[in-house]
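Just follow the structure's listing: the first ligand is 1, and inside any ligand the first atom is 1. Computation of the quantities below employed the complete heavy-atom set of this structure, encompassing side-chain atoms and omitting hydrogens, waters and symmetry-equivalent molecules.
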Amino acid sequence: MSQSNTGTFTLTDNASGESYELPVIPGTLGPSVIDVRKLYAQTGHFTYDPGFTSTGSCESGLTYIDGDVGQLLHRGYSIEDLAEKSDFMEVCHLLLNGELPTPKEKEKFVHDVTYHTMLHEQLANFYRGFRRDAHPMAIMCGVVGGLSAFYHDSTDIHDEHQRMVASFRLIAKMPTIAAMAYKYSVGQPFNYPRNDLSYAENFLYMMFAVPAEEYVISPTVARAMDRIFILHADHEQNASTSTVRLAGSSGANPFACIAAGVASLWGPAHGGANEAVLNMLQQIGHKDNIPEFIERAKDKDDPFRLMGFGHRVYKNYDPRAKVMQKSCHEVLEELNLDDPLLELAMELEKLALSDPYFVEKKLFPNVDFYSGIVLKALGFPTSMFTVLFAVARTVGWVAQWKEMIEEPGQKIGRPRQLYTGPTARDYVPLEKRG
Ligand code: CMC
């Protein structure tokens, strides 16, 4: 393939000698894309890119990542600025509506989201159908999917108002659903949401308050919670977001699509990594054991990987990990906690980053490396870590889903394949087989 200076690529079929012009479409930032939409019609060939390492699946104006310099922007604003100066509701407004809100817009937005925090009372019955020891992500998959059975008035994806109501409902109800999953697992009564509290405070209240005692929310904990939500709000076309888009491309209702996203997020290579990091640190147990685990991570015959290390896009430090590392120190200091796992994590990071294997493969800590330690300090059990990621990512999923539905000429997603199975053959009756 050769690139001309007219903004096209020329693809030459060496067998037939035929050449094809492929248009190049520039974005506002980052690599431009080669438009292969007419490739099959013109050449009879598909492109082949399992894992989508070189494929742009959509056009999007939400989030930009430059993995080489370690940059993450939401609608042009850096994640560092948003984590430091903004709050989660502002970031939700930004992702959904394209701009940071004015004070009046913010007040209305917070009101509109907060208005939907309660769950239909009958949904509480769902929880009783689960085993008490069910993983909360399993409960999340079920209950979020079940929302479409309760909110029929916001499932028409062609109605702009219904799309917005569904978006508010999902952002508002996820913390309630998540906290109820936790309360169910520990056998405590559910807490109804409190709309006088901020998004993060209300979540902490629903998680940790018990009717027998007054629950005092620490501003440090609430701020750290809010920052965790901001850091996980959106992340371009990752596995769960692409799952939401693909599910939504068929016209499925938003609750079903977000449930698909929750399921995809659960995997240890994606949102499940924060839980896996903490389990790994506990398994390592002591600084002296770190070299052994680093060797195992490098061994191709051992499936063990350093959880919280590496990223498909970031080939430099994950900017979210930097904010999270800072937050981790602040939280432990302000809460006067001394977690040996933090020391272990820092030693592991130091040793891994000085090992040629990790340096050459550009494997740096990602957001999940430190988030588990912060969440543990905030009082969350390990099994809730991925659930928190799901709560925060809901706005990203919803904003990406809306962007897709609102795109003129939107089509169902339907990848093709390289078939390597048997060629056509005759059916052999059972008695003639073997
Ligand atoms: N430990 C040891 N080796 C690793 C690791 C790791 N954590 N990550 C990648 N590698 C090696 C991998 O074996 C491969 O080596 P080789 O080229 O010799 O075969 C090379 O680095 C490239 O890895 P890859 O698996 O081809 O890269 P990928 O882009 O497909 O995978 C990843 C990215 C995040 C799934 C992977 O780095 C990983 O499994 N990391 C651990 C899980 C984790 O922390 N996930 C959280 C991601 S950030 C939060 C989120 O977005 O969900």
- [ ] Starting from atom 39 (O) of ligand 1, locate the nearest protein heavy atom and write down its residue, its atom name and how far away it is, to 0.1 Å.
- [x] Arg305 NH1, 2.8 Å
Open item on the list: Looking at Glu403 and Arg245, is there a salt bridge between them, counting it only when a charged N and a carboxylate O are closer than 4.0 Å?
Closed with: yes
Open item on the list: Which option wins on minimum heavy-atom distance to atom 9 (C) of ligand 1: Asp318, Asn274, Leu363?
Closed with: Leu363
- [ ] Measure from atom 42 (C) of ligand 1 to every heavy atom in Met307, Glu360, Arg393, Lys300 and give the option owning the shortest one.
- [x] Met307
Task: cation_pi(Lys376, Phe380) dist<6.0 Å, angle<=45 - done: no
- [ ] Apply ring pair (Phe, Tyr, Trp, His ring centres under 6.0 Å) to Tyr199 and Phe229, showing your working.
- [x] CA-CA 10 Å; Tyr199 192 87; Phe229 286 152; 5.6 Å; yes
TODO: Could you name the option among Arg296, His311, Lys298 that has the heavy atom nearest to atom 51 (O) of ligand 1?
DONE: His311
Open item on the list: Among His235, His232, His270, which one puts a heavy atom closest to atom 50 (C) of ligand 1?
Closed with: His270
Task: Arg132 to Tyr184, cation-pi by 6.0 Å centre distance and 45° axis angle - done: yes
Open item on the list: Do Arg296 and Phe304 form a cation-pi contact, if we require the NZ or CZ to be under 6.0 Å from the six-membered ring centre and within 45 degrees of the ring's axis?
Closed with: yes
Task: For atom 21 (O) of ligand 1, the protein heavy atom that lies nearest, with its residue and separation - done: Lys361 CD, 3.4 Å
Open item on the list: Can you tell me if Asn238 contacts ligand 1 (heavy atom of the residue under 4.0 Å from the ligand)?
Closed with: no
- [ ] Indicate, with yes or no, if the rings of Phe309 and Phe358 have centres closer together than 6.0 Å.
- [x] yes
Open item on the list: Judged on heavy-atom distance to atom 3 (N) of ligand 1, which of Tyr314, Phe309, Tyr357, Phe304 sits nearest?
Closed with: Tyr357
Task: Atoms in ligand 1 with a heavy atom of Gly308 nearer than 4.0 Å - done: 43 (C), 44 (O)
